[in-house]
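Following: one structure in structure tokens, then a few remarks.
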Number of protein chains: 2
Amino acid sequence: MFSKTCQYAIKAVIYIHKQSLEGKKVGAKEIGQEIDAPDAFTAKILQVLVRQHVVGSFKGPTGGFYVDKSHEFKTLKDVVLAIDGDQLFQGCSLGLNQCSEQNPCPLHFEIVKVRSNIHYMLTSKSLKQLAEEVGDGSTVLARLA
Amino acid sequence: MFSKTCQYAIKAVIYIHKQSLEGKKVGAKEIGQEIDAPDAFTAKILQVLVRQHVVGSFKGPTGGFYVDKSHEFKTLKDVVLAIDGDQLFQGCSLGLNQCSEQNPCPLHFEIVKVRSNIHYMLTSKSLKQLAEEVGDGSTVLARLA
DNA sequence: ATCATAAAGGATAAAAGTATCCTTTATTAT
DNA sequence: ATAATAAAGGATACTTTTATCCTTTATGAT
Ligand code: FES
Ligand code: FES
């Protein structure tokens with residue numbers, strides 16, 4: 001459903017939000033450790049997320065990744081779009097050159113429903129809410145091996 | 001959502017069903033052309049589907065791929081399981097070592113709903129029905145470039 | 001000013017997924 | 001029996017994704 005890169009991205013963004021709730025900036029290394037992803041690779045992913053304004057970053061000592069008011073309306077959908085693009089939302093699930101209502105593939109009409117669910121999943125909760133759920137322990141970003 | 005290989009597999013199986021409706025066996029080459037997939041690669045995928053008893057095959061002249069009574073309860077879900085495995089159905093969408101209700105990732109409870117939709121999509125219609133829809137032109141397996 | 005820190009960027013490398021080609025085996029038609 | 005056909009299998013190549021490492025740039029602390 002999501003590329004491995006995108007899974008990392010989702011977890012990273014939620015973790016950044018969680019730390020930003022406490023006003024903390026976090027480094028790529030720490031993020032990688034917290035979400036159980038290789039840190040150099042995590043850093044690469046974060047570069048993309050910063051370019052797409054999903055999160056902010058600051059260089060130098062006391063630097064790191066964070067979110068502020070300017071990111072408050074970003075959702076998981078923006079994360080997915082930034083990393084995996086719009087294939088999941090726009091493309092034909094069977095790989096036809098485009099998804100078309102007039103010339104549908106055998107899965108089209110069911111896929112439309114699935115997509116609607118996925119869209120809801122990725123937009124209904126704010127990243128802040130998701131971060132709070134991790135904060136209070138009701139969900140987790142990593143698990144012991 | 002599905003690997004490219006799996007997209008090919010789904011289209012191939014539906015096409016085989018379509019031809020079997022008319023009692024015809026079909027070769028890998030023809031299948032590849034009809035579903036717009038490389039034929040040698042299509043042949044490889046078909047080997048897996050045959051091993052998993054999703055379709056049948058017969059060697060030699062007049063040979064080819066087909067389905068009969070023994071395949072009548074196979075669904076698209078079996079195709080996806082044969083090619084992509086159970087990651088889509090059982091795995092954690094965020095890549096945690098396993099999906100767990102007790103220790104859920106932030107997307108878990110929404111993913112459960114999405115999965116239920118996907119499961120329905122892949123099991124509610126028989127492969128025969130899907131083949132008929134392609135047969136009567138209401139859906140398509142390929143489109144002109 | 002200098003140094004330490006952390007993100008950004010570039011260059012590779014390793015692994016997985018996708019694709020091609022050639023040989024072997026089973027089956028049919030002659 | 002022989003030749004032709006088509007799937008099965010094996011080896012190899014190409015591409016994309018995932019991952020690592022090293023250098024450069026920006027910033028803050030001293
Ligand atoms: S045409 Fe295939 S999903 Fe719409
Ligand atoms: S724990 Fe992640 S999907 Fe269930």
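Each chain gets a letter, A, B and so on, in the order the sequences are listed, and its residues count up from 1.
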Using whole Å, report how far [atom1] of [X] lies from [atom2] of [N].
X     : N      : atom1 : atom2 : answer
A/K24 : C/dA6  : NZ    : P     : 15 Å
A/K29 : C/dA8  : NZ    : C1'   : 18 Å
A/E30 : C/dA6  : CD    : P     : 10 Å
B/I83 : C/dT18 : CD1   : P     : 10 Å
A/L49 : C/dG9  : CG    : P     : 13 Å
B/F2  : C/dT18 : CZ    : C1'   : 18 Å
B/L46 : D/dA6  : CG    : C1'   : 12 Å
A/H53 : C/dA7  : NE2   : C1'   : 15 Å

Residues in contact with DNA chain C, drawn from residues 63-82 of chain B - heavy-atom cutoff 4.0 Å:
none
For [X], does the [atom1] atom sit with more than 12 other heavy atoms under 6.0 Å from it, leaving out its own atoms?
X      : atom1 : result
B/K125 : NZ    : no
A/Y120 : OH    : no
A/K77  : NZ    : yes

Any side-chain donor-acceptor pair under 3.5 Å between B/Q19 and B/Y66?
no
Between B/R51 and D/dG9, does any side-chain N or O lie under 4.0 Å from OP1 or OP2?
yes
Between C/dA8 and A/S57, is there an OP1 or OP2 to side-chain N/O distance shorter than 4.0 Å?
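The answer is yes; a side-chain N or O of A/S57 sits under 4.0 Å from OP1 or OP2.
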If you only use heavy atoms from C-beta on, which nucleotide in D/dT5, C/dA8, D/dA8 is closest to the side chain of B/K59?
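Out of D/dT5, C/dA8, D/dA8, the nucleotide with an atom closest to B/K59's side chain is D/dA8.
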Checking side chain to side chain contact (heavy atoms under 4.5 Å, CB included) against B/T75, which of B/V13, B/L81, B/V54, B/T123 comes through?
B/T123
Starting from the 5' end of DNA chain C, give me the residue, A/T62 or A/Q47, whose nearest nucleotide shows up first.
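So the residue in question is A/T62.
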Quick check: do [X] and [Y] have side-chain heavy atoms less than 4.5 Å from each other?
X      : Y      : answer
A/E110 : B/N117 : no
B/F2   : B/L122 : yes
B/I118 : B/V114 : yes

Counting the atoms with a prime plus P, OP1 and OP2 as sugar-phosphate, which does A/V26 contact under 4.0 Å by heavy atoms, base, sugar-phosphate, or nothing?
sugar-phosphate
By the 4.0 Å heavy-atom rule, please label A/A28 as base, sugar-phosphate, or nothing.
sugar-phosphate
A/K25 to A/F65 six-membered ring, cation-pi geometry met (6.0 Å, 45°):
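The answer is no, since A/K25 fails at least one limit relative to A/F65.
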Can you build the contact string for nucleotides 11-23 of chain D? Use B for base contact, S for sugar-phosphate-only contact, and - for no protein heavy atom under 4.0 Å.
B------SBB---
